[in-house]
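Have a look at the structure below before the remarks.
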Amino acid sequence: MYVPLGTSGASVMQIFGADKPHASTVMLPVYDGQLTYYHELTKVVVDRVYDRWIRLNVIHDVAAGNVTVFVDGERRLGAPGQGGKEHYFKFGVYKQSHHNPSHRMESHWRNVANYTKP
């Protein structure tokens with residue numbers, strides 16, 4: 001993924017689907033150059049994301065009830081799943097109303113693949 005300088009307050013990746021009251025299993029927004037877990041600015045997945053390509057791998061183990069996030073091959077986050085029976089990965093930019101979002105939001109993606117375990 002590639003996030004240009006100036007994009008802030010945008011979820012760039014999420015796994016949609018969860019048990020109520022949640023809507024998503026995981027959300028990875030960018031705030032001021034940091035990729036965070038949901039809107040928790042203290043839970044930084046990776047710093048300095050602007051203007052560079054980052055290899056982002058996300059594993060959602062539904063049976064085990066967890067999500068693992070890797071950045072450039074390094075494990076950066078382990079989080080609980082949020083339940084649910086149907087899930088799908090979303091990527092791009094989705095404006096968030098938290099923490100003073102920017103007016104312009106952009107992300108680029110390449111070599112996207114989705115693997116499933118039988």
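Quick caveat, the model's predicted, so the values are computed rather than measured.
- Shown here is Lys95, whose NZ atom has no more than 12 heavy atoms of other residues, nucleotides or ligands within 6.0 Å.
- Taking each heavy atom of Tyr37 and Pro29 in turn, the nearest pair found is C-CD, 4.5 Å.
- Rounded to the nearest 0.5 Å, atoms CD (Gln96) and OG (Ser8) are 11.0 Å apart.
- Note on Val112 and Leu35: same hydrophobic cluster, where clusters join Ile, Leu, Val, Met, Phe, Trp and Tyr whose side-chain heavy atoms are under 4.5 Å apart, directly or indirectly.
- Residues Tyr2 and Phe70 fall into different hydrophobic clusters, defined by Ile, Leu, Val, Met, Phe, Trp and Tyr side chains chained together at heavy-atom separations under 4.5 Å.
- The closest donor-acceptor contact from the side chain of Ser11 to the backbone of Met27 lies at 3.5 Å or more, if one exists at all.
- The backbone N or O of Arg55 lies less than 3.5 Å from a partner atom in the side chain of Asp72, making a donor-acceptor pair.
- The shortest heavy-atom contact between Ile15 and Phe89 is CD1-CZ, 3.8 Å.
- Applying the side-chain hydrogen bond (donor to acceptor under 3.5 Å, both in side chains) test to pairs two or more places apart or on separate chains, those with a residue in residues 21-30 are His22-Gln82, Ser24-Tyr38.
- Contact detail for Leu5 and Asp51: the closest heavy-atom pair is N-OD1, 3.1 Å.
- With a 6.0 Å radius and a threshold of 12 heavy atoms from other residues, nucleotides or ligands, Arg48 has its CZ atom at or below the threshold.
- Not a single donor-acceptor pair under 3.5 Å links the side chain of Tyr115 to the backbone N or O of Ile59.
- In plain terms, the two heavy atoms of Leu56 and Met1 that are nearest each other are CD2-SD, 4.2 Å.
- Ring planes of His108 and Trp53: perpendicular class, angle over 60° (limits at 30 and 60°).
- At distances below 3.5 Å, at least one donor-acceptor pair connects side-chain atoms of Asp19 with backbone N or O atoms of Gly84.
- Looking only at distances, no side-chain donor or acceptor of Arg76 sits under 3.5 Å from a matching main-chain atom of Val69.
- Sorted by first and then second residue, the salt bridge (charged side-chain N to carboxylate O under 4.0 Å, His left out) pairs with a member in residues 21-43 read Glu40-Lys43; sequence neighbours excluded.
- By the 30° and 60° cut-offs, the orientation of the rings of His60 relative to His87 is perpendicular.
- In terms of hydrophobic clustering, with Ile, Leu, Val, Met, Phe, Trp and Tyr side chains grouped at heavy-atom distances under 4.5 Å, Leu77 and Val62 are assigned to different clusters.
- Checking side-chain atoms of Tyr88 against main-chain N and O of Phe16 turns up no donor-acceptor pair under 3.5 Å.
- Clustering ILVMFWY residues whenever any of their side-chain heavy atoms sit less than 4.5 angstrom apart, transitively, puts Phe91 in the very cluster that holds Val58.
- The nearest pair of heavy atoms linking Ala10 to Met105 is CB-SD, 3.6 Å.
- When all heavy atoms of Val12 and Trp109 are compared, the pair lying nearest together is O-CZ2, 3.2 Å.
- Atom CG of Asn100 sits in a sparse spot, with 12 or fewer heavy atoms from other residues, nucleotides or ligands closer than 6.0 Å.
- Note: His99 and Tyr31 have perpendicular aromatic rings, judged against thresholds of 30 and 60 degrees for the angle between ring planes.
- No continuous path of ILVMFWY side-chain contacts below 4.5 Å connects Val44 to Val71, so the two sit in separate hydrophobic clusters.
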